[in-house]
S.K.: 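Take a look at the following structure, please.
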Protein chains: 2
Amino acid sequence: MHDSQPPQDLDAANEMVAAVVTASRVLVAVSARSLAAIEEALTVPQFRMLVVLDTGGPVNLTGLAEQLAVNPSTALRMVDRLSAAGMVERAHDPGDRRLVVLAATAAGRQVVRQVTERRQAEITRIVSAMPVDHRGAMIEALEAFARAAGEEQINPAAYTGQALPGWS
Amino acid sequence: MHDSQPPQDLDAANEMVAAVVTASRVLVAVSARSLAAIEEALTVPQFRMLVVLDTGGPVNLTGLAEQLAVNPSTALRMVDRLSAAGMVERAHDPGDRRLVVLAATAAGRQVVRQVTERRQAEITRIVSAMPVDHRGAMIEALEAFARAAGEEQINPAAYTGQALPGWS
DNA sequence: GTGCAAACATTGCATAATGCAATTAGAGGG
DNA sequence: CCCTCTAATTGCATTATGCAATGTTTGCAC
């Protein structure tokens, strides 16, 4: 981990962990409100599925379940409901008839776009309230953070505003 | 919001929004992995309840439900299960016998501590992989972000996550 | 080309989470 | 005492979830 670092770096790391945890509360709250604000009442898992289908393109059921980290049977029933709601489209792979090809419909993508726009608007509002001289540093710091994490295989599908355990 | 700012500040804000959104993906993924790694036979909502009871001290049922942003009936049944699992303690308020006083047991607090430690370890690992010269700026930037958000009354209880009425 | 194992989707079953609408129990004011 | 308000609880329906079959199709070995 970090056992090769001098003590002052450990202190800086601890301080940053605290800052990250605090900022996380804000981000979680923003994500939750963005989802709650739209007209189409979607559950959090349903929205996560739509995000995966919208950003990742057509996938089969097993692949979708893996990206959502749920059991294939769970994913199947969610697909059933979202399909009935006209937000997800099912088709059969002509090459391999075992496979089911899943994709978001225009309506489903529209919902994802609405929530995303609202979330970005909320973040923009917060960022606009920050002192200007902090913004450049924040951009660099957050990008460095994402890069450092990216080297550890972060799963992008987790980005959905999932209700979180305890970011307290 | 920011309509009094020059264009270049708008650009900086947009760039920061992108950085924040990307970083939030990382944070959500980290939290999900931290909880999955423990897996003390606890669901995510159960863990959230334990965190609230652990960090916030004794509360009544309605207050607990509000902090979790769920219906009191939902909170009640979760309390039933966690109580049966020996992680939550029920008592009656002697002053007002309508009120139920809820608190985490030692076992419940132990679970919260385990997951919290693991989550902080994950963040520490990522932070340790960041260039040292970015850390100070990140701390300041994240704190400024949290302050800016705090002045807008972030309310986690706004989220309900109810599904569409007639889906089946 | 037959047959078998592997991959996939699906169904059956059980439990948890969730909200809304009663219903019960207690507190407080008149 | 009665009325109202609050808090907890229960009844009912829907969604989310995982594990364990079952069925279906594919690919491969022989």
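In the text below, chain A, chain B and the rest are named by the order of the sequence lines, each starting its count at 1.
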S.K.: In terms of hydrophobic clustering (I, L, V, M, F, W, Y; side-chain heavy atoms under 4.5 Å; direct or indirect links), are Val101(A) and Leu76(A) co-clustered?
M.R.: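 Shared cluster, no.
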S.K.: In this structure, how many angstroms lie between the C1' atom of dG19(C) and the CD atom of Glu66(B), rounded?
M.R.: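 In whole Å, dG19(C) C1' and Glu66(B) CD are 15 Å from each other.
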S.K.: Does Gln46(B) have a side-chain nitrogen or oxygen under 4.0 Å from the phosphate oxygens OP1 or OP2 of dA17(C)?
M.R.: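 Checking dA17(C) against Gln46(B), a side-chain N or O does come within under 4.0 Å of OP1 or OP2.
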S.K.: Any idea which of dA16(C), dA16(D), dA7(D) is nearest the Thr43(A) side chain?
M.R.: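 That would be dA16(D).
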S.K.: Rounded to the Å, how far apart are Asp96(A) CG and dA6(C) P?
M.R.: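 Value for this atom pair: 17 Å.
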S.K.: Can you find a donor-acceptor pair, distance only, under 3.5 Å between Arg77(A) side chain and dG12(C) base?
M.R.: yes
S.K.: Just wondering, do Met78(A) and Leu64(A) contact through their side chains at under 4.5 Å, heavy atoms?
M.R.: no
S.K.: Go nucleotide by nucleotide along DNA chain D from the 5' end; which of Leu99(B) and Arg97(A) gets its closest nucleotide reached first?
M.R.: Leu99(B)
S.K.: Got a donor-acceptor pair under 3.5 Å from the side chain of Arg98(A) to the base of dG27(D)?
M.R.: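 Between dG27(D) and Arg98(A), which were checked side chain against base, a qualifying N/O pair under 3.5 Å is absent.
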S.K.: What's the closest nucleotide to the Asn60(A) side chain, out of dC8(C), dA17(C), dA16(D)?
M.R.: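 Of all the options, the side chain of Asn60(A) is nearest to dC8(C).
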S.K.: With a 4.0 Å cutoff (strictly under), does any side-chain N or O of Asn71(B) reach OP1 or OP2 of dC20(C)?
M.R.: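 Answer is yes, contact under 4.0 Å.
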S.K.: Scan Leu61(B), Thr74(B), Val100(B) and name whichever one has a side chain to side chain contact (heavy atoms under 4.5 Å, CB included) with Val79(B).
M.R.: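 When side chain to side chain contact (heavy atoms under 4.5 Å, CB included) is applied between Val79(B) and each of Leu61(B), Thr74(B), Val100(B), only Leu61(B) qualifies.
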S.K.: Quickly work out the Leu42(A) CG to dA17(C) P distance and round it to whole Å.
M.R.: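 Atom-to-atom, Leu42(A) to dA17(C), this comes out as 21 Å.
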S.K.: Please report, rounded to the nearest Å, how far the P atom of dT10(C) is from the CG atom of Leu61(A).
M.R.: 6 Å
S.K.: Both Ser73(B) and Gly95(A) contact DNA chain D. Which one's nearest nucleotide lies toward the 5' end?
M.R.: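 Looking at DNA chain D, the more 5' nearest nucleotide goes with Ser73(B).
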S.K.: Look at Arg119(A) together with Glu122(A) and state whether they make a salt bridge at an N to O cut-off of under 4.0 Å.
M.R.: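 Not counted as a salt bridge, because no side-chain N and carboxylate O are separated by less than 4.0 Å.
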S.K.: Rounded to the nearest angstrom, tell me the gap between atom CG in Leu102(B) and atom C1' in dA7(D).
M.R.: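 In whole Å, dA7(D) C1' and Leu102(B) CG are 12 Å from each other.
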S.K.: Indicate whether OP1 or OP2 belonging to dA16(C) is found under 4.0 Å from a side-chain N or O atom of Arg48(B).
M.R.: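 Answer no for this pair, as no side-chain N or O of Arg48(B) is under 4.0 Å from OP1 or OP2.
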S.K.: Could you check how far CG of Leu76(B) sits from P of dG11(D), rounded to whole Å?
M.R.: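 Checked: the CG to P distance equals 12 Å.
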S.K.: Starting at atom CG of Asp80(B), determine the distance to atom P of dT18(C), rounded to an integer number of angstrom.
M.R.: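 Rounded to whole Å, this separation is 14 Å.
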S.K.: Quick one: is Thr62(B) getting a side-chain N or O under 4.0 Å of the dA8(D) phosphate, OP1 or OP2?
M.R.: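 Checking dA8(D) against Thr62(B), a side-chain N or O does come within under 4.0 Å of OP1 or OP2.
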S.K.: In whole angstroms, how far is the C1' atom of dT15(C) from the CZ atom of Arg81(B)?
M.R.: 8 Å
S.K.: For residues Leu99(B) and Leu102(B): do they belong to one hydrophobic cluster (side chain heavy atoms under 4.5 Å, members Ile, Leu, Val, Met, Phe, Trp, Tyr)?
M.R.: no
